[in-house]
J.: 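Below you'll find the structure I mean.
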Amino acid sequence: MEIVLATSNEHKVKEINAIAQNYNIKFILPPSDFDPLENGTTFEENSYIKAKAAWEITHKWVLADDSGLCIDALNGAPGIYSARYAETPQKRIDRVLDELQGEETRTARFKCAMTLLSPNGDVAFSHTGICEGSIVEAQRGTNGFGYDPIFLLQNSTKTMAELSEDEKNNLSHRGKALKKVLEYLATK
């Protein structure tokens, strides 16, 4: 089975295909004209917006996700603006660390909302995965991407960026959401 992954991020396609390797499913990028306006107010709304935009181009099975980092001391920021919190991944990390300077409460979570549309455009399944943790004071690790170097997993001594790809895929918000989608697809 081939499913269009509503993203232009090749790294995300690689990560999701790695998680789905034991299923008979291959995730592919949408056509190059895929460029939805993410104007939802929640991860779930943005996930649906992306899925619908990719479906309108392809009329195939489509999976979309919207994910980000939610920090309690920042009232949930960067939240749905995680990818747009600053111009580069390093500047986004720097901004979060600057905003949390001197803050004792550093609890946070990664959230990932996934929406699966069938070839007729209906929502076949949706799920939100959550990964709890906190923000460290200085980045650590070289694996992963985005905020991984500053996100310390709950009940762990490692940041996401200090995990192997397999470890991260088993524990991450995206891995948790995708496993539920794959379980649903296995019943079809």
J.: As an exercise, state the distance from OG of S8 to CG of D35, rounded to the nearest 0.5 Å.
T.: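 Those atoms lie 7.5 Å apart.
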
J.: Nearest 0.5 Å, what's the CG-CG distance between L178 and L63?
T.: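 Result: 6.5 Å between the selected atoms.
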
J.: Can you tell me how far the CG atom of L5 sits from the CE atom of M114, to the nearest 0.5 Å?
T.: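 Reported to 0.5 Å precision, the distance equals 7.5 Å.
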
J.: Would you list the pairs meeting side-chain hydrogen bond (donor to acceptor under 3.5 Å, both in side chains) in which at least one residue belongs to residues 144-158, sequence neighbours left out?
T.: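 Residue pairs passing side-chain hydrogen bond (donor to acceptor under 3.5 Å, both in side chains), neighbours aside: D148-K168.
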
J.: Contact between L97 and I135 at the side-chain level, heavy atoms closer than 4.5 Å - yes or no?
T.: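 Yes, at least one pair of side-chain atoms sits under 4.5 Å.
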
J.: Please tell me whether E137 and Q101 have a donor and an acceptor in their side chains that are separated by less than 3.5 angstrom.
T.: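 Side-chain D/A pair, E137 to Q101: absent.
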
J.: Work out which heavy atom in C70 is nearest to a heavy atom in F43; give both atom names and the distance.
T.: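 Minimum heavy-atom separation between C70 and F43: SG-CE1, 3.6 Å.
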
J.: How about K111: does its NZ atom have over 12 heavy atoms from other parts shown lying under 6.0 Å from it?
T.: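 No - once you tally the heavy atoms of other residues, nucleotides and ligands closer than 6.0 Å, there are 12 at most.
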
J.: For residues 16-30, dump all side-chain donor-acceptor pairs below 3.5 Å to protein atoms at least two apart in sequence or in another chain.
T.:
unit_1, atom_1, unit_2, atom_2, d
N17, OD1, F27, N, 2.9
N17, ND2, V13, O, 3.3
N17, ND2, F27, O, 3.0

J.: Could you measure the distance from the OH atom of Y48 to the OG atom of S126? Nearest 0.5 Å is fine.
T.: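 Here the interatomic distance stands at 11.0 Å.
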
J.: Do V123 and V181 land in one hydrophobic cluster if side-chain heavy atoms of ILVMFWY residues count as linked below 4.5 Å?
T.: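 Shared cluster, no.
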
J.: How close do I57 and P31 get, heavy atom to heavy atom, and via which atoms?
T.: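 The answer is CG2-CG, 3.4 Å.
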
J.: How many angstroms lie between CG in N46 and OG1 in T41, if you round to the nearest 0.5 Å?
T.: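 Taking CG in N46 and OG1 in T41, the distance rounds to 8.0 Å.
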
J.: Is there a donor-acceptor pair closer than 3.5 Å between any side-chain N or O of S47 and the backbone N or O of A113?
T.: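 It does hold such a pair.
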
J.: Is the backbone of I80 close enough, under 3.5 Å, to the side chain of R84 for a donor and an acceptor to pair up by distance?
T.: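 Yes; at least one donor-acceptor contact below 3.5 Å.
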
J.: Does N169 form a side chain to side chain contact (heavy atoms under 4.5 Å, CB included) with E165? I'd like the steps, not just the answer.
T.: CA-CA 6 Å; N169 290 343; E165 188 173 326; 3.7 Å; yes

J.: Hey, is the main chain of A73 close enough, under 3.5 Å, to the side chain of T105 for a donor-acceptor pair?
T.: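 Flag not set: sc T105 to bb A73 has no pair under 3.5 Å.
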
J.: Verify side chain to side chain contact (heavy atoms under 4.5 Å, CB included) between Q139 and Q90, making sure each step is shown before the conclusion.
T.: CA-CA 10 Å; Q139 60 189 81; Q90 186 59 54; 2.9 Å; yes

J.: Supply the atom-to-atom distance T187 OG1 to L182 CG, rounded to the nearest 0.5 angstrom.
T.: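 One gets 11.0 Å once the value is rounded to the nearest 0.5 Å.
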
J.: Can a salt bridge be assigned to the pair R109 and D72 using a cut-off of 4.0 Å between side-chain N and carboxylate O?
T.: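 The answer is yes: the pair qualifies as a salt bridge.
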
J.: Check the pair C131, M160 against side chain to side chain contact (heavy atoms under 4.5 Å, CB included), reporting the backbone distance first and the verdict last.
T.: CA-CA 10 Å; C131 182; M160 283 283 221; 3.9 Å; yes

J.: Do you know the tightest heavy-atom contact between I3 and L185?
T.: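 Answer, listing the atom of I3 first, then L185: CD1-CD1, 3.5 Å.
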
J.: Salt-bridged, R95 to E99, with N to O below 4.0 Å?
T.: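 Salt bridge between R95 and E99, a charged N being under 4.0 Å from a carboxylate O: yes.
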
J.: Decide yes or no on side chain to side chain donor-acceptor pair (under 3.5 Å) for N120 and S118, but give the supporting numbers first.
T.: CA-CA 5 Å; N120 65 10; S118 66; 2.4 Å; yes

J.: Please name all residues satisfying side-chain hydrogen bond (donor to acceptor under 3.5 Å, both in side chains) with N170, sequence neighbours left out, ordered by chain then number.
T.: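 If we apply the side-chain hydrogen bond (donor to acceptor under 3.5 Å, both in side chains) test to N170, skipping adjacent residues, the hits are K179.
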
J.: Shortest non-hydrogen contact from F34 to A53?
T.: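 That closest heavy-atom pairing would be CE1-CB, 3.9 Å.
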
J.: According to ring-ring contact (aromatic ring centres under 6.0 Å, His included), who are the partners of F125, at least two apart in sequence or on a separate chain?
T.: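 Y184.
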
J.: Check for a donor-acceptor pair, side chain of R140 on one end and backbone N or O of I150 on the other, with a separation under 3.5 Å.
T.: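 The answer is no, because no donor-acceptor pair under 3.5 Å joins these two groups.
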
J.: Return yes if some donor-acceptor pair links the side-chain N/O of N143 with the main-chain N/O of L163 below 3.5 Å, else return no.
T.: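 At least one qualifying donor-acceptor pair exists.
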
J.: In chain order, what residues pass the ring-ring contact (aromatic ring centres under 6.0 Å, His included) check against F110, with sequence neighbours excluded?
T.: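 Applying ring-ring contact (aromatic ring centres under 6.0 Å, His included) to F110 gives F151, H173.
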
J.: Let me see the working for L116 and V62 under side chain to side chain contact (heavy atoms under 4.5 Å, CB included), right down to the final yes or no.
T.: CA-CA 6 Å; L116 178 70; V62 173; over 6 Å; no

J.: Considering only heavy atoms from C-beta outward, does the side chain of L153 approach that of T159 to under 4.5 Å?
T.: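 Not in contact.
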
J.: Measure from the side-chain N and O atoms of S134 to the backbone N and O of R106, and report whether any donor-acceptor pair falls under 3.5 Å.
T.: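 The answer is no, because no donor-acceptor pair under 3.5 Å joins these two groups.
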
J.: A quick test of your reading: do over 12 heavy atoms of other residues, nucleotides or ligands sit less than 6.0 Å from CZ of F145?
T.: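 More than 12 within 6.0 Å, yes.
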
J.: Using only heavy-atom distances, determine whether the side chains of T128 and E44 contain a donor-acceptor pair under 3.5 Å.
T.: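 Short answer, yes.
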
J.: What are the two closest non-hydrogen atoms of G129 and A177, and how far apart are they?
T.: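 Shortest heavy-atom separation between G129 and A177 comes out as N-CB, 3.7 Å.
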
J.: Look at the side-chain heavy atoms of Ile, Leu, Val, Met, Phe, Trp and Tyr, link any pair under 4.5 Å apart, and say whether V96 and L152 land in one connected group.
T.: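 Same cluster.
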
J.: Is any side-chain heavy atom of D66 closer than 4.5 Å to one of C112?
T.: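 A side-chain contact is absent here, since even the closest heavy-atom pair is not under 4.5 Å.
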
J.: Just grab all the side-chain hydrogen bond (donor to acceptor under 3.5 Å, both in side chains) pairs involving residues 56-65, residues at least two apart or on different chains.
T.: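 Output for this query lists K12-D65, D65-R174.
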
J.: When you check the side-chain N and O atoms of N9 and T7, is any donor under 3.5 Å from an acceptor?
T.: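 N9 vs T7: no donor-acceptor pair found between side chains.
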
J.: Where is the tightest heavy-atom contact between A64 and A51, given as atom of each residue plus distance?
T.: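 For A64 versus A51, the nearest heavy atoms are CB-N, 3.4 Å.
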
